[in-house]
Amino acid sequence: MTDFSAPRTSESSGVMNPPWDEQFESLMRRSLSLLEPDEPLLADLYTPDYGLDSLAMVELMLGIEDAYGISFPDDLVEPGIFTTPQGLWNVVSALCTAGTP
């Protein structure tokens, strides 16, 4: 089950772990063509600077819907929710928690 809680600190390294799961991280990384594989996916990363254009947004949204079994309501589908990984994760976690079909 996905944990939608706040970011966690790794006990061994003291480094902040992202608040999202590995599946979300993988989907985001596939959509950010300019993010280097060894570069961290930061919560406040400005996704358009890393290659997230309108086509990539649609592909990312569809991938998230499929992966999490949710649907983005039409009134939520706008570029602003895709601006940062944290902003998008907030929407995804809210939809998952609400049990959106």
Side-chain angles (χ1 to χ4, degrees):
M1 181 171 184
T2 301
D3 179 10
F4 298 112
S5 60
R8 304 160 312 278
T9 302
S10 170
E11 292 179 24
S12 61
S13 67
V15 174
M16 290 297 286
N17 293 325
W20 49 78
D21 60 21
E22 290 177 20
Q23 187 170 22
F24 182 81
E25 175 105 9
S26 176
L27 289 165
M28 286 296 303
R29 286 188 170 280
R30 271 188 262 151
S31 299
L32 300 173
S33 59
L34 302 177
L35 184 68
E36 296 295 328
D38 61 339
E39 194 171 354
L41 180 63
L42 302 173
D44 62 350
L45 180 131
Y46 186 64
T47 58
D49 286 349
Y50 288 85
L52 192 72
D53 58 17
S54 58
L55 179 59
M57 284 180 203
V58 171
E59 291 173 348
L60 177 57
M61 182 184 72
L62 294 173
I64 289 170
E65 286 182 334
D66 186 50
Y68 291 95
I70 59 173
S71 294
F72 285 83
D74 290 343
D75 61 329
L76 280 182
V77 180
E78 56 93 16
I81 67 168
F82 295 91
T83 305
T84 65
Q86 183 64 61
L88 182 56
W89 179 249
N90 290 345
V91 172
V92 170
S93 62
L95 291 173
C96 289
T97 300
T100 304

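When reading the values below, keep in mind they use all heavy atoms of this one structure, side chains included, and skip hydrogens, waters and symmetry mates. Note that the coordinates shown come from a computational prediction; the quantities given were computed from them, not determined experimentally.
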For the residue pair Trp89 and Thr84, establish whether any side-chain heavy-atom pair is separated by less than 4.5 Å. no
Taking salt bridge (charged side-chain N to carboxylate O under 4.0 Å, His left out) as the cut-off, I'd like each qualifying pair that reaches into residues 24-50, sequence neighbours left out, listed once. Glu25-Arg29
Interatomic distance, Leu88 atom CG to Phe24 atom CZ [nearest 0.5 angstrom]: 4.0 Å
Are Thr47 and Met28 close enough that some pair of their side-chain heavy atoms sits under 4.5 Å apart? yes
Rounded distance [0.5 Å steps], CG in Asp66 versus OG in Ser71: 10.5 Å
Going by heavy atoms in the side chains, are Tyr50 and Leu41 under 4.5 Å from each other? no
Roughly how far apart are Leu95 CG and Ile64 CD1, rounded to 0.5 Å? 9.5 Å
Please report the closest heavy-atom contact between Thr83 and Pro48, naming both atoms and the distance. O-CD, 3.9 Å
In the structure I gave you, are the side-chain heavy atoms of Tyr68 and Gln23 within less than 4.5 Å of one another anywhere? yes
Apply side-chain hydrogen bond (donor to acceptor under 3.5 Å, both in side chains) to Asp53 and list each qualifying residue two or more places apart in sequence or on a separate chain. none
Applying side-chain contact (heavy atoms from CB on, under 4.5 Å), name anything that partners Ser31, two or more places apart in sequence or on another chain. Leu52, Leu60
Side-chain donor-acceptor pairs of residues 74-82 under 3.5 Å, sequence neighbours excluded:
residue	atom	partner	partner atom	Å
Glu78	OE1	Gly80	N	2.8

